[in-house]
Protein chains: 2
Amino acid sequence: MSKEKSQKIPEVTIRRLSAYHRCLVRAREEGMKVISSSTLAKNCGVNAAQVRKDLAYFGKFGIRGMGYYVDGLFTDIKRILGIDRVWNMALFGAGNLGTALLFYKDFLKQNYHMVAAFDIDPEKLQKGAIGGVPIYHPDKLPEITHREKIDIAIIATPVSKAQGVADQVVQAGIRGILNFAPTRLSVPDNVVVKDVFFTNILDNLVYLLTASR
Amino acid sequence: MSKEKSQKIPEVTIRRLSAYHRCLVRAREEGMKVISSSTLAKNCGVNAAQVRKDLAYFGKFGIRGMGYYVDGLFTDIKRILGIDRVWNMALFGAGNLGTALLFYKDFLKQNYHMVAAFDIDPEKLQKGAIGGVPIYHPDKLPEITHREKIDIAIIATPVSKAQGVADQVVQAGIRGILNFAPTRLSVPDNVVVKDVFFTNILDNLVYLLTASR
DNA sequence: TAGATTGTTAATCGATTAACAATC
DNA sequence: TAGATTGTTAATCGATTAACAATC
């Protein structure tokens with residue numbers, strides 16, 4: 001049973017849903033058939049009422065007195081998040097980080113497919129592919145985007161190139177960007193950007209170490 | 001002027017402080033001498049009152065009618081975050097992602113020094129170093145931790161090895177962990193862990209694309 | 001039925017922001 | 001002095017959690 005209520009869903013709820021999903025993968029591997037909100041909460045380090053509240057935004061998934069069917073909840077959360085299908089991704093910038101991402105195995109496990117890489121380095125273009133992913137010159141972006149049905153761009157270029165690439169990506173009709181270049185990208189309202197800034201995360205870690213608790 | 005009030009500082013405030021810091025780096029490069037809370041806010045995509053509130057947790061840094069000295073605020077934020085010194089890091093797991101991190105240039109720019117890498121692969125140990133960073137067998141962890149004064153462990157091993165490595169790291173006296181292995185680590189209360197889970201971030205992106213706004 | 005756990009309400013807690021006196 | 005912008009208060013908004021009736 002699921003009625004997606006039209007209501008503002010907090011961003012943190014979505015992040016936690018993703019964490020619950022990860023826990024459920026584990027629970028399935030361990031052969032659990034049913035899980036309670038309190039067990040799920042403990043495994044994810046959150047409050048049990050919060051688990052139930054988060055799920056309540058999207059419907060009723062449990063059985064009173066019993067808990068949640070692991071398989072059922074797993075499927076429902078996938079559907080809620082939109083990860084019950086394949087998402088095609090293209091990498092921009094096949095440097096060290098980019099290359100590592102081309103080889104990254106966890107993407108595939110979760111239905112995230114890396115279908116193309118773009119770089120301007122003639123040597124890399126010469127190779128044709130890295131980690132089994134074909135490399136193209138950015139000139140080919142519009143063509144490849146269409147042919148490979150690219151949904152998401154991963155930007156791993158130097159900062160100096162990132163905004164330009166973002167502009168081209170948006171121009172080609174891609175609406176999702178995962179940005180590793182440590183700079184804020186400006187994009188139209190209908191495009192979604194998620195930043196992964198390693199040094200900001202380290203700053204956060206260091207603050208907690210310095211404030212020492 | 002700065003009196004660190006003993007008050008609970010929200011985690012989001014620290015994250016924003018890190019973003020302000022990034023903006024100030026840029027402002028300095030552009031030769032700006034003074035910046036107002038509204039300009040800083042606009043550059044970081046937040047509310048101007050929020051910038052002032054965030055700073056107010058730590059003291060008074062501005063001049064009424066004028067704004068903030070770019071250099072002064074830059075220095076103050078570095079001090080608040082604890083990034084006004086060098087932090088030594090060690091990498092665990094020199095696979096694709098790990099190797100990319102060994103070559104990652106932005107760490108150095110921000111006083112994050114990668115001083116050692118640990119791996120069990122004989123071939124890698126044979127090489128002695130990757131990206132200028134010496135590689136050791138984990139057996140040497142206690143010795144190297146002490147000698148190189150390692151503050152932070154970066155875990156980039158497979159999930160199956162991550163908890164074991166975390167245990168060794170904690171045992172060696174390291175109190176900060178940046179974890180790339182997609183699994184929750186259990187550590188003592190006095191140890192700080194920050195997770196970087198690529199697929200969770202993609203899940204989040206995908207939800208927003210699916211919910212389409 | 002007795003025991004357990006959900007779904008949901010209401011209370012609490014915390015973060016954001018508008019507004020403005022203070023002051024450069 | 002007039003104009004500008006801070007630092008801070010108070011109002012608003014939103015998220016977390018305790019509590020419990022509903023119900024398996």
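Proteins get letters first, then strands, A, B, ... in listed order; numbering begins at 1 in each. FYI, side chains are in, hydrogens and waters are out, and symmetry mates aren't considered; it's all heavy atoms of this structure.
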Undergrad: Side chains of B:Gln163 and B:Asp167 only: does a donor on one sit below 3.5 Å from an acceptor on the other?
TA: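 There is such a pair between these side chains.
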Undergrad: Mind calculating the distance between NZ (A:Lys8) and C1' (C:dT16) to the nearest angstrom?
TA: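 Nearest whole value for this atom pair: 13 Å.
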Undergrad: Only pairs with both distances under 3.5 Å count, Watson-Crick or wobble alike; so what is the partner of D:dA22 in this structure?
TA: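 Partner of D:dA22: C:dT5.
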Undergrad: Within the distance-only criterion (no hydrogens, no angle test), does the side chain of A:Asp106 pair as donor or acceptor with the backbone N or O of A:Gln110 below 3.5 angstrom?
TA: no
Undergrad: What is the separation between atom CG on A:Asp76 and atom P on C:dG7, rounded to the nearest whole Å?
TA: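 So the CG-P distance, A:Asp76 to C:dG7, works out to 11 Å.
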Undergrad: Would you kindly give the CZ-to-C1' distance between B:Phe58 and D:dT8, to the nearest whole Å?
TA: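 After rounding, the reported distance stands at 16 Å.
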Undergrad: From C-beta outward on A:Ser36, which listed nucleotide comes closest to its side chain: C:dT6, C:dT8, C:dA15?
TA: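 Among C:dT6, C:dT8, C:dA15, the one nearest the side chain of A:Ser36 is C:dT6.
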Undergrad: Tell me what A:Thr13 touches on the nucleic acid: a base, only sugar-phosphate, or nothing, going by heavy atoms under 4.0 Å.
TA: nothing
Undergrad: Considering heavy-atom distances to DNA chain D, does B:Gly67 or A:Glu11 have its closest nucleotide positioned more toward the 5' end?
TA: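 Between the two, 5'-proximity favours B:Gly67.
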Undergrad: Taking the six-membered ring for Trp, are B:Phe74 and B:His21 ring centroids under 6.0 Å apart?
TA: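 Yes, close enough.
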Undergrad: Expressed as a whole number of angstroms, how long is the span from B:Gln50:CD to D:dA11:P?
TA: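 It works out to 20 Å between those atoms.
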Undergrad: Let me have a per-nucleotide readout for nucleotides 19-24 of chain C, 5' to 3', with B, S or -, counting only protein heavy atoms under 4.0 Å.
TA: B-BBBB
Undergrad: Ignoring hydrogens and angles, state whether a donor on the side chain of B:Tyr20 or B:Asp54 is under 3.5 Å from an acceptor on the partner side chain.
TA: yes
Undergrad: Respond yes when some side-chain nitrogen or oxygen of B:Ser37 is under 4.0 Å from OP1 or OP2 of D:dT5, and no when none is.
TA: no
Undergrad: Which part of the nucleic acid does B:Ser38 contact within heavy-atom distance under 4.0 Å: base, sugar-phosphate only, or nothing?
TA: nothing
Undergrad: Let's test this: given Watson-Crick or G-U wobble pairing with both distances under 3.5 Å, identify the partner of C:dT17.
TA: D:dA10
Undergrad: Once you round it to whole Å, what is the distance between C1' of D:dT5 and NZ of B:Lys53?
TA: 18 Å
Undergrad: Between B:Asn88 (side chain only) and B:Asp151 (backbone N and O only), is there a donor and an acceptor less than 3.5 Å apart?
TA: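 The answer is no, because no donor-acceptor pair under 3.5 Å joins these two groups.
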Undergrad: For B:Leu202 versus A:Tyr112, what's the shortest heavy-atom pair and its separation?
TA: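 Smallest heavy-atom distance, with atoms named: C-OH, 3.3 Å.
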Undergrad: Is there a side-chain contact between B:Arg15 and the phosphate of C:dA15, meaning an N or O under 4.0 Å from OP1 or OP2?
TA: no
Undergrad: Would you tell me if any nitrogen or oxygen in the side chain of A:Tyr68 comes within less than 4.0 Å of OP1 or OP2 on C:dA4?
TA: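 Checking A:Tyr68 against C:dA4: no side-chain N or O falls below 4.0 Å of OP1 or OP2.
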Undergrad: Whole angstroms only, please: what is the CG-P distance between B:Asp54 and C:dT16?
TA: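 Rounded to whole Å, this separation is 7 Å.
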Undergrad: Can you measure B:Lys60 atom NZ to D:dT9 atom C1' for me and round it to whole angstrom units?
TA: 13 Å
Undergrad: Within the distance-only criterion (no hydrogens, no angle test), does the side chain of A:Thr99 pair as donor or acceptor with the backbone N or O of A:Ala94 below 3.5 angstrom?
TA: yes
Undergrad: Nearest whole angstrom, please: distance from the P of C:dT16 to the OH of B:Tyr57.
TA: 7 Å
